[in-house]
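Take a look at the structure set out below.
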There are 2 protein chains.
Amino acid sequence: MLLALMGGKALTATELSLEAGTTAQTASSHLAKLVSGDLLLVRKQGRHKYFQLHNYEVAQMLEGLLNMSANKKPIEVPTGPKDPSLRNARVCYDHLAGKIGVDLYSSLVSNNYLYDNKDTALLTDSGKQLFSAFGVNLQELEQKKRPLCKACLDWSERKSHLGGSLGKWVLDEILSNKWAEREPDSRVLRFCDTGLNQLKSKYKMA
Amino acid sequence: MLLALMGGKALTATELSLEAGTTAQTASSHLAKLVSGDLLLVRKQGRHKYFQLHNYEVAQMLEGLLNMSANKKPIEVPTGPKDPSLRNARVCYDHLAGKIGVDLYSSLVSNNYLYDNKDTALLTDSGKQLFSAFGVNLQELEQKKRPLCKACLDWSERKSHLGGSLGKWVLDEILSNKWAEREPDSRVLRFCDTGLNQLKSKYKMA
DNA sequence: CCGATGCTTCGATGTGCATCGAAGCATAAG
DNA sequence: CTTATGCTTCGATGCACATCGAAGCATCGG
């Protein structure tokens with residue numbers, strides 16, 4: 001299971017139990033031990049529990065163990081839907097998900113606009129400046145019950161994308177600018193070329 | 001036991017069993033497994049068996065594991081005699097042992113005069129040049145049954161010092177030059193200051 | 001509200017494995 | 001030679017722990 005998590009993705013308990021070739025009960029007890037031993041951390045999302053390696057040290061330790069053992073390759077676990085367009089960009093409730101959403105999130109983090117702490121996400125000072133300059137009324141959003149930023153675990157990518165009221169604002173902007181449009185009866189978001197470029201330049205995505 | 005071996009010293013099975021707090025039998029079975037799993041390697045020396053970590057990868061792997069565990073410090077196992085002069089320099093059969101012997105050996109290796117392969121030691125080409133220039137008749141020594149060079153595990157330091165006929169030659173030279181003299185009824189070698197300096201400069205010891 | 005899904009807790013079962021006593025073998029020391 | 005030391009093999013014992021069925025709880029979807 002740890003091997004499967006070496007891919008960097010967060011996986012559910014059931015996925016991990018299948019990977020390990022055991023029942024869900026067995027996997028559950030092992031995962032509980034791994035969590036209590038601070039090797040893994042959990043993100044509970046609805047009825048799912050997503051597990052991921054606790055930090056870089058754990059990965060490093062496993063790396064060392066893998067070096068010793070015979071089969072050296074980490075395992076790639078296929079996740080999410082097969083439909084490529086659904087994997088690429090889609091709506092998660094009211095915010096952007098899929099590969100593009102994850103890319104956006106990691107850009108915000110690497111450009112120091114967003115502080116990522118696994119479960120939570122916080123706007124940095126320069127992040128607040130950025131979105132204020134975009135015309136976002138941060139004070140108004142912060143007064144609501146709903147958190148401004150949320151690290152939401154992406155279904156297909158298994159990494160964080162941006163949720164919360166700010167995530168909603170981003171998606172609203174994408175739709176109102178016609179950078180992308182929703183497919184009817186589907187969660188798929190279809191970006192047009194110019195729209196995608198606009199998004200990328202606006203958020204300094206690689 | 002692995003933790004105890006992280007100090008870099010080679011330890012005997014009994015020492016390791018004491019360290020682990022088990023009987024000799026238990027330790028023996030564990031050590032056999034560790035050896036067959038290529039985590040450790042053994043050097044049999046008389047009735048003793050000296051164990052040490054197999055290579056750098058193992059140490060790295062353990063390092064990673066230690067990072068995770070609570071007590072982070074490798075253990076120092078006291079070895080050999082308490083008498084400081086005995087630890088510093090002594091005779092091992094007919095060659096130099098103790099701290100100075102180990103230092104000499106590692107100098108030869110780091111200056112590329114000697115090729116160290118854990119159990120065995122071989123003179124490199126430049127090593128052959130060096131000792132030939134010192135007046136050693138290598139061809140004569142190589143014809144004897146006894147190996148020219150031997151990596152002999154040091155009792156107190158638990159690292160290699162130089163044995164074999166070349167090791168004997170080195171000690172003979174030390175004694176004939178009066179760089180050191182043997183204490184009566186003891187294996188202690190007592191170097192004089194100038195003698196030690198001569199030795200160090202001759203073999204480019206740090 | 002109901003069924004389905006995801007996960008956990010409880011309890012029982014079996015086995016793998018560490019542990020050690022006793023005996024055996026090799027080497028060293030006297 | 002004999003005795004002591006270091007290590008291993010064999011065999012018996014017992015515990016720890018993985019495993020899974022069954023039941024329970026929470027969440028989702030209709």
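Here is how names work: the chains are called A, B, and so on, in the same order as the sequence lines, proteins then strands, and each is numbered from 1.
Here the C1' atom of nucleotide D/dT9 and the CG atom of B/L31 are 15 Å apart, to the nearest Å. The CG-C1' distance, from B/L34 to D/dT8, rounds to 16 Å in whole Å. Put simply, CE on B/M1 is 10 Å from P on C/dA18, counting in whole angstrom units. Atom CH2 in A/W155 sits about 12 Å away from atom P in C/dG6, given to the nearest Å. Rounding to whole angstrom units, CG of residue A/L18 and P of C/dT5 are separated by 14 Å. Atom P of nucleotide D/dC25 and atom NZ of A/K44 are separated by 14 Å, given to the nearest angstrom. Distance A/H48 NE2 to D/dC28 C1': 8 Å, rounded to the nearest Å. B/R47 has its CZ atom 6 Å from the C1' atom of C/dT27, to the nearest Å.
Of the N and O atoms on the side chains of A/R158 and A/T12, not one donor lies less than 3.5 Å from an acceptor on the other residue. Using a 3.5 Å distance cut-off with no hydrogens or angles, the side chains of B/D116 and B/Y105 do pair a donor with an acceptor.
Taking the salt bridge (Lys or Arg N to Asp or Glu O under 4.0 Å) definition, one finds that A/K202 meets it with A/E173, sequence neighbours left out.
A side chain to side chain donor-acceptor pair (under 3.5 Å) with A/S156 is found for exactly one of A/R87, A/R90, A/K9, namely A/R90.
Ring centroids of B/Y203 and B/F134 are separated by less than 6.0 Å, placing the two rings close together.
The side chain of A/K49 contributes an N or O atom lying less than 4.0 Å from OP1 or OP2 of C/dT8.
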Criterion side-chain contact (heavy atoms from CB on, under 4.5 Å) on A/L16 and A/L5, from CA distance to verdict
CA-CA 9 Å; A/L16 289 168; A/L5 290 170; 4.0 Å; yes
With B for base contact, S for sugar-phosphate-only contact and - for none (protein heavy atoms under 4.0 Å), nucleotides 17-22 of chain D reads -SSBBB
